[in-house]
Amino acid sequence: MNPELADSPFLRACRRRPVPHTPVWFMRQAGRSLPEYRAVREGVPMLAACATPDLIVEITMQPVRRYGVDAAIFFSDIVVPLKAIGIDLDIKPGVGPVVADPIRDAAAVETLRPLEPGDVTYVTEAVRALTGELGATPLIGFAGAPFTLASYLIEGGPSKSHDRTKAMMYGEPRLWHALMDRLTGITIGFLRVQAEAGASAVQLFDSWVGAVAPEDYREFVLPYTGRIFAALADLNIPRIHFGVGTGELLGLLGEAGADVVGVDWRVPLDEAARRVGPGRALQGNLDPAVLFAPWEVVERRAADVLARGAKAEGHVFNLGHGVPPGADPGQLARLTDFVHETSAR
């Protein structure tokens, strides 16, 4: 890694080192809120875009050019590795990932083969091109966590209650563990491909894991997230762990082995620092809905996030979830500048 990149505010904050200003990036910063994104995606299905290196590069770069954020997030989708190993699925506009044949038995679990680097050559090509173009700006690789992937595969698509997922977890634990074991291997493979091609950090998204109680997380999820972070330790890059609705799980998310714990907007960062415990940086956690309020509200709320984040050993400013599709890019540009100027040491 070049010295200028290693010394970037984002990587320094992840490693709990002093920073010239609080670094900022936004989950889903590359996406529907940007007119230039809508222009390049016109008529191109999501999964096709995620498999086209020049489109991945362009879409990943768009928010970096527009906002001057401190990190880029690799443009992809959590179901890309599942598609790459032959799962029949599609991302339906306005719905999300839809799986043709949901996984409900041992025979279906057996169809989940390991991910090989050759399955996702477009990822390697895009990451290499991006690291060349980004220079001193870090690139964050990402993957969906096994629980969230399992939920899509079992339910057949998005679910509010995750009833079938939990029914397998509680009622067929051997099947559940077999499924999670396979998904863990696939996730490790996908993150390693990105890191070995040049990503400077990785983020594990567990979008739906907030549906699980702490004792169930410890039994049915933690062994697998822990295995993922342990399998990436030799890469010596920051590992970020984020889930939605995970206030009751924050200590366990830290225990899983991430260097940085992402916090959604429901728990203030000073309280999150207490729950996560020492030895971890925090990422977050402005409520994305605040972006639709007048600027003086955004400014006040962002200042509060920065003040509370100062109680953590390291802080990366972000939203508490992804940028909403209808957000004004002007608000995000102004917010990036505000975070940089207000936190300048």
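The structure presented is a predicted model; accordingly, all values stated were derived computationally and were not measured.
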Any Ile228 side-chain heavy atom under 4.5 Å of Pro146 side chain: yes
Cluster check Met61, Val44: I/L/V/M/F/W/Y, side chain < 4.5 angstrom: yes
Nearest-0.5 Å distance that lies between atom CZ in Arg66 and atom CG in Leu332: 9.5 Å
Transitive ILVMFWY side-chain link Leu47 to Val123, under 4.5 Å: yes
Any side-chain heavy-atom pair of Met46 and Arg41 under 4.5 Å: yes
Euclidean distance, Leu175 CG relative to Ile154 CD1, rounded to 0.5 Å: 7.5 Å
Test item: Thr148 side-chain N/O and Ala145 main-chain N/O as donor-acceptor pair under 3.5 Å: no
Stepwise side chain to side chain donor-acceptor pair (under 3.5 Å) check, Thr225 with Tyr217: CA-CA 10 Å; Thr225 45; Tyr217 183 93; 3.3 Å; yes
Distance-minimising heavy-atom pair for Trp208 and Phe147: O-CE2, 3.5 Å
Arg218 with Glu255: basic N within carboxylate O range, under 4.0 Å: yes
Test item: Arg182 side-chain N/O and Glu110 main-chain N/O as donor-acceptor pair under 3.5 Å: yes
Over 12 foreign heavy atoms within 6.0 Å of CD, Glu248: no
Stepwise salt bridge (charged side-chain N to carboxylate O under 4.0 Å, His left out) check, Asp234 with Arg192: CA-CA 10 Å; Asp234 65 302; Arg192 286 197 73 92; 2.9 Å; yes
Residue pair Tyr152 / Pro102, side-chain heavy-atom distance below 4.5 Å: no
Sub-4.5 Å side-chain heavy-atom contact between Phe317 and Pro23: no
Shortest non-hydrogen separation from Tyr67 to Pro329 and the atoms involved: CE2-O, 3.2 Å
Polar side-chain atom of Asp264 near backbone of Gly245 as donor-acceptor pair, under 3.5 Å: yes
Audit row: Gln283, Gln203, side chain to side chain donor-acceptor pair (under 3.5 Å) steps and yes/no: CA-CA 11 Å; Gln283 180 174 279; Gln203 175 157 311; 3.0 Å; yes
Taking every non-hydrogen atom, the tightest pair across Gly135 and Leu5: O-CD1, 3.9 Å
4.5 Å side-chain heavy-atom contact, Pro63 and Leu34: yes
Taking every non-hydrogen atom, the tightest pair across Pro294 and Gln331: C-NE2, 4.4 Å
Which atom of Ala126 lies closest to which atom of Phe74, heavy atoms considered: CB-CE1, 3.8 Å
Pairwise distance CG(Leu134) to OG(Ser8) - rounded to 0.5 angstrom: 11.0 Å
Charged N-O contact under 4.0 Å between Glu296 and Arg300: no
Single-linkage hydrophobic cluster, 4.5 Å side-chain cutoff, Leu306 and Trp265 together: no
Arg164 atom CZ: more than 12 heavy-atom contacts under 6.0 Å: no
More than 12 heavy atoms from other groups under 6.0 Å of CZ on Arg301: no
Test side-chain contact (heavy atoms from CB on, under 4.5 Å) applied to Leu282 and Val260, step by step: CA-CA 5 Å; Leu282 297 185; Val260 184; 5.8 Å; no
Val109 with Leu115, same ILVMFWY side-chain cluster at under 4.5 Å: yes
Closest non-hydrogen atom pair between Ala273 and Ala312, with its separation: CB-CA, 4.3 Å
Pair Leu11-Ser200, side-chain contact (heavy atoms from CB on, under 4.5 Å): steps then yes or no: CA-CA 8 Å; Leu11 293 177; Ser200 309; 4.0 Å; yes
Under 3.5 Å: donor-acceptor pair, side chain of Gln29, backbone of Phe26: yes
CZ/Arg32: more than 12 non-hydrogen atoms of other groups inside 6.0 Å: no
Worked verdict on Ile186 versus Ile85 for side-chain contact (heavy atoms from CB on, under 4.5 Å): CA-CA 9 Å; Ile186 291 163; Ile85 62 161; 3.5 Å; yes
Backbone of Gly279 reached by a side-chain donor or acceptor of Glu313 within 3.5 Å: yes
Parallel, tilted or perpendicular: rings of Phe220 and Tyr170 (30°, 60°): perpendicular
Gap between atom CD1 of Ile103 and atom CD of Glu155 - 0.5 Å precision: 12.5 Å
Contact check, side chains of Val261 and Phe242, non-hydrogen atoms, under 4.5 Å: no
Backbone of Met27 reached by a side-chain donor or acceptor of Asn318 within 3.5 Å: yes
Test item: Leu335 and Leu286 side chains (from C-beta on) under 4.5 Å apart, heavy atoms: yes
Salt bridge flag under 4.0 Å for residues Asp181 and Arg227: yes
From CA spacing to verdict: side chain to side chain donor-acceptor pair (under 3.5 Å), Thr22, His315: CA-CA 7 Å; Thr22 300; His315 178 214; 4.7 Å; no
Leu112 with Val221, same ILVMFWY side-chain cluster at under 4.5 Å: yes
Arg334 side, atom CZ; Asp328 side, atom CG - distance, nearest 0.5 Å: 10.0 Å
Salt bridge present between Arg65 and Glu58 (N-O < 4.0 angstrom): yes
Leu319 and Arg28, any side-chain heavy atoms less than 4.5 Å apart: no
CA sep, side-chain torsions, deciding dist, call: Ile237, Leu232, side-chain contact (heavy atoms from CB on, under 4.5 Å): CA-CA 8 Å; Ile237 60 174; Leu232 304 173; over 6 Å; no
Neighbour count >12 (heavy atoms, 6.0 Å) for atom CD, Glu42: no
Residues Asp119 and Arg113 bridged, charged N to O under 4.0 Å: yes
Check ion pair Arg12-Asp70 (N to O, under 4.0 angstrom): no
Asp90/Lys92 ion pair, N-O < 4.0 Å: no
Check ion pair Arg308-Glu271 (N to O, under 4.0 angstrom): no
NZ/NE/NH1/NH2 to OD/OE distance under 4.0 Å, Asp270 and Arg274: no
Separation between OG1 of Thr137 and CG of Leu130, rounded to the nearest 0.5 Å: 11.0 Å
